Peer 1: 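Here's a structure for you.
The shown structure was predicted, so the numbers you read here are calculated from the model rather than taken from an experiment. Counting starts at 1 for both ligands and their atoms, following the listed order.
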Amino acid sequence: MKVAIDGPAGAGKSVVARAAAKALGFIYVDTGALYRAIGLYALRKGVNPGDAEAVLPLLSEIKEELRFVDGEQRVILNEEDVSDVIRTEEVSAAASAVSAIPQVRAFLYHTQRDIAEKNDVIMDGRDIGTAILPDAELKIFMTAAPEARALRRVRQLAERGIQAKYEDVFAEIQKRDANDSSRAAAPLMQASDAVLFDNTEMTLEENIEKVKKMIQEAKCR
Ligand code: DC
């Protein structure tokens, strides 16, 4: 079974998808990590992630792989586990920039598709319902007010020991929303057959329960 969860940064996709996957025996696939690893590689090479002509030659140097250890996804970039170092705000912006390049999206297509062919997956991203898994049995477009998303992001970063100012995170989220929605290649968009899910007023627990219920209902269809 394939479940697609798309939506803007900070909508809670990853926390909810991870919890639902664990409870229901699915594999949770965080596709943003694949774009983040390419963003990281560009930064390390001193290449502007927004410069398509400079980023494209790097793709032939990159081998990316997703591994699952005890149900947890690890992102392997040229044999290095970069799962933790891709979580900075600098890499977030770089990921958003490289993700606008159509060849980068094509480069990552099969990695995502292969995992979904072989496993029951809950996959989150920006174009899962529209481009990667158009055949998903359930598509959820998860969103929340930008203020709520910024606040959650600040808390999430704090849990990882990263101190971030609300104003900075709010500005970064708005910039990323604009970038991800306005790009020509597979922009962030609700699929026509996706369920719109606004969780601004929901607690995390309510959110997880609701998504689990939606998946169980879709399974019975
Ligand atoms: O989900 P995330 O915040 O880790 O994603 C980082 C960036 O990667 C996001 O700003 C846009 C891009 N992305 C994408 O274009 N398509 C996806 N399926 C997932 C992420």
Peer 1: Do the side chains of E172 and R176 get close enough for a salt bridge, i.e. N-O under 4.0 angstrom?
Peer 2: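 Judged by the 4.0 Å cut-off on N to carboxylate O distance, E172 and R176 do form a salt bridge.
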Peer 1: Taking all heavy atoms of A17 and all of I5, pick out the closest pair and write down the distance.
Peer 2: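 Shortest heavy-atom contact: CB-CD1, 4.1 Å.
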Peer 1: Identify, with sequence neighbours excluded, every residue that meets salt bridge (charged side-chain N to carboxylate O under 4.0 Å, His left out) alongside E209.
Peer 2: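 Partners of E209 under the salt bridge (charged side-chain N to carboxylate O under 4.0 Å, His left out) test: K212.
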Peer 1: Could you work out the complete set of other residues in the hydrophobic cluster of L188, with links drawn between I, L, V, M, F, W and Y side chains under 4.5 Å apart?
Peer 2: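 Noted: L188 shares its cluster with F141, L196.
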Peer 1: In terms of side-chain heavy atoms, does E61 have a donor or acceptor partner in Y41 at a distance below 3.5 Å?
Peer 2: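 On atom types as modelled, these side chains qualify, holding a pair under 3.5 Å.
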Peer 1: How would you list, by chain and number, every residue that makes a side-chain hydrogen bond (donor to acceptor under 3.5 Å, both in side chains) with E117, sequence neighbours excluded?
Peer 2: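 Result, side-chain hydrogen bond (donor to acceptor under 3.5 Å, both in side chains) vs E117: R113.
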Peer 1: Might you list the protein residues in contact with ligand 1, defined as having a heavy atom under 4.0 Å from one of its atoms, sorted by chain and number?
Peer 2: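 Around ligand 1, where the cutoff is 4.0 Å for heavy atoms, the contacting residues are T31, G32, Y35, R36, A95, S96, S99, R105, G125, R126, D127, I128, R153, R176, D180, R183.
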